[in-house]
Number of protein chains: 2
Amino acid sequence: MIKSPVEADNNRNNSALIVVGELKQDILNGYFQPGEKLKMTRLKERYQVGVSPLREALSQLLIEQLVVVENQRGFKVHPVSREEMLDIYATRAEIEALCIGLAIEKGDDEWEAGIMAAAHKMRKFGDLVEKDPQEWERRHQAFHTSIAIGCDSPTLMQVRRSLYEKASRYRNLWLNKNMAESTVFDANQKEHESLIEALLERASINARELIREHLLSPSRALETSQGLTTLDR
Amino acid sequence: MIKSPVEADNNRNNSALIVVGELKQDILNGYFQPGEKLKMTRLKERYQVGVSPLREALSQLLIEQLVVVENQRGFKVHPVSREEMLDIYATRAEIEALCIGLAIEKGDDEWEAGIMAAAHKMRKFGDLVEKDPQEWERRHQAFHTSIAIGCDSPTLMQVRRSLYEKASRYRNLWLNKNMAESTVFDANQKEHESLIEALLERASINARELIREHLLSPSRALETSQGLTTLDR
DNA sequence: ATATGATAAAATGTCGACATTATTGCTCTG
DNA sequence: CAGAGCAATAATGTCGACATTTTATCATAT
């Protein structure tokens, strides 16, 4: 018997995995505030599942450091701090530079072609940034991933992904508006073009320095932004 | 009322966290074979807990990639492969080199002192390697950690720790005997001394190359070792 | 004899219930 | 009126039970 799409979706994965995705999104985009207590009754209502799948999902986010747990006191959203933000962004910049260094060593024609394709999709969407920032972020991220994937290391790519998610939490919390500022955006686009140039020339040192700057500039912006004051409480 | 140590231990953390530690050890040291199915009935007997804490623990190991899950078919120990081993070791070497590069930039006197202390403890145990390999591995790891911690980045240190654990699984599976070979061991010790020298001189490039070699040599040994044949099935 | 299909057995994933622990609110005292 | 102590309330963590799905067994037919 063929099942409806919804049923099929519920059967392909178990409840916990579905909840992991939704809960992660809710934390990353700020629906649940940093430090907020995650009461089981509320979570049950929101995701329409029992406690068992919820605790499984929370256990996974626990390792990813998106929630914290205290015995007999339940789960909380992982708190944010300026220190952690700077550390995550700095680490992410180093990891991305590492990926790029390895990719320049190992990358072949297919790698270059993938970058060109992703860059094209990103450029095409340049004018619609303000209309659909989420779609632009997707293409932006796809572009950077197309570069990093040349390192040809699943392990390293996974580290990179985890750091991206943690960083996107800070980005979503404070940077939404700043990202749309056209001056910042235009500078970003130029950095992308310079990066592509360096990659095709296989200028490793240059490319690595470019990516470091590219990834650290948001954290510098955040450091002086309004949101920071709310962090120091 | 004061509780007995055992009870106190059971109350400080919930069951799931305790099981995480034990289960992780059982997987890392090979009590549960790669690819082996983890039946709930057996796990319940072994750890004396119900399914709920077990599923929580397994969910955490799922993110750490020590187990895999298939819907309605339960959990399995994450399988091993030569490719994954090489990838983990290579990534680990790069991450460790990154830590050391940053540590050389940022490290202060306290950092140097910590290295000297850890190195001393490791040297003192040099003759007892064959007697208590586990204790030596502890001191060896403490030595390397004392170096890496100079990078002053909790995020990066956590990435490093996760990779160490994954690698130690392969090490435990095949390398136990090889590690005790005195020729390999003596070469290892000399590498440590060279590394310390380079660190104190703040010779970044040199130190980073040394650590890469130091961490990649085991994977090269594993590649040609007996265990590999069992991998390709 | 091999393959196929139905039946039985086992295992998973989820929920509600229960005991334990933390938190809140209230009373009583100084 | 403030603060400590105690009762009541709420929330967590764990277990056993149930429905669903997978796996194993076995008879039957080609």
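Convention: sequence-line order gives letters A, B, ...; per-chain numbering from 1.
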Between A:Arg220 and A:Tyr89, is there a side-chain heavy-atom distance shorter than 4.5 Å?
no
Heavy atom of residues 49-61 of chain A under 4.0 Å from DNA chain C: which residues?
A:Val49, A:Gly50, A:Ser52, A:Pro53
Could you tell me whether the side chain of A:Asn172 and the main chain of A:Leu28 form a donor-acceptor pair under 3.5 Å?
yes
Taking atom P of C:dT20 as reference, at what distance in whole Å does atom CD of A:Glu70 sit?
22 Å
With sequence neighbours left out, what residues match A:His78 under ring pair (Phe, Tyr, Trp, His ring centres under 6.0 Å)?
none
NZ/NE/NH1/NH2 to OD/OE distance under 4.0 Å, B:Glu45 and B:Arg42
no
Hey, is B:Glu137 close enough to B:Arg171 for a salt bridge, meaning N to O under 4.0 Å?
yes
Centre of B:Tyr31's six-membered ring, under 6.0 Å away, within 45 degrees of the axis: is that where NZ or CZ of B:Arg46 sits?
yes
Atom-to-atom span, CG of B:Leu17 to C1' of D:dG13 - whole angstrom
12 Å
Nearest non-hydrogen partners of A:Trp111 and A:Ile147, listed with the distance:
NE1-O, 2.8 Å
Five pairs at each end of the helix from C:dA10-D:dT21 to C:dG30-D:dC1: take the axis at both ends and give me the angle between them to 10°.
10°
Whole-Å gap separating P (C:dT21) and CG (B:Asn14):
13 Å
So how far is it from A:Ile95 CD1 to B:Leu98 CG, rounded to the nearest 0.5 Å?
5.5 Å
Measure the spacing between CE of A:Met85 and OH of A:Tyr170 and express it to the nearest 0.5 Å.
8.0 Å
Let me know the distance between CG of A:Asn71 and C1' of D:dT14, rounded to the nearest Å.
12 Å
Applying ring pair (Phe, Tyr, Trp, His ring centres under 6.0 Å), name anything that partners B:Tyr164, two or more places apart in sequence or on another chain.
none
According to a strict under-4.0 Å criterion, is A:Arg73 in side-chain N/O contact with OP1 or OP2 of C:dT21?
no
Among residues at least two apart in sequence or on other chains, which ones pass salt bridge (charged side-chain N to carboxylate O under 4.0 Å, His left out) with A:Arg160?
A:Glu96
Give me the residues of residues 32-42 of chain B where at least one heavy atom lies under 4.0 Å from an atom of DNA chain C, by number, or none.
B:Lys37, B:Leu38, B:Lys39, B:Met40
Distance, rounded to the nearest Å, where A:Lys76 contributes NZ and D:dA11 contributes C1'
16 Å
Find the distance B:Gln72:CD to C:dA10:P and express it as a whole number of Å.
18 Å
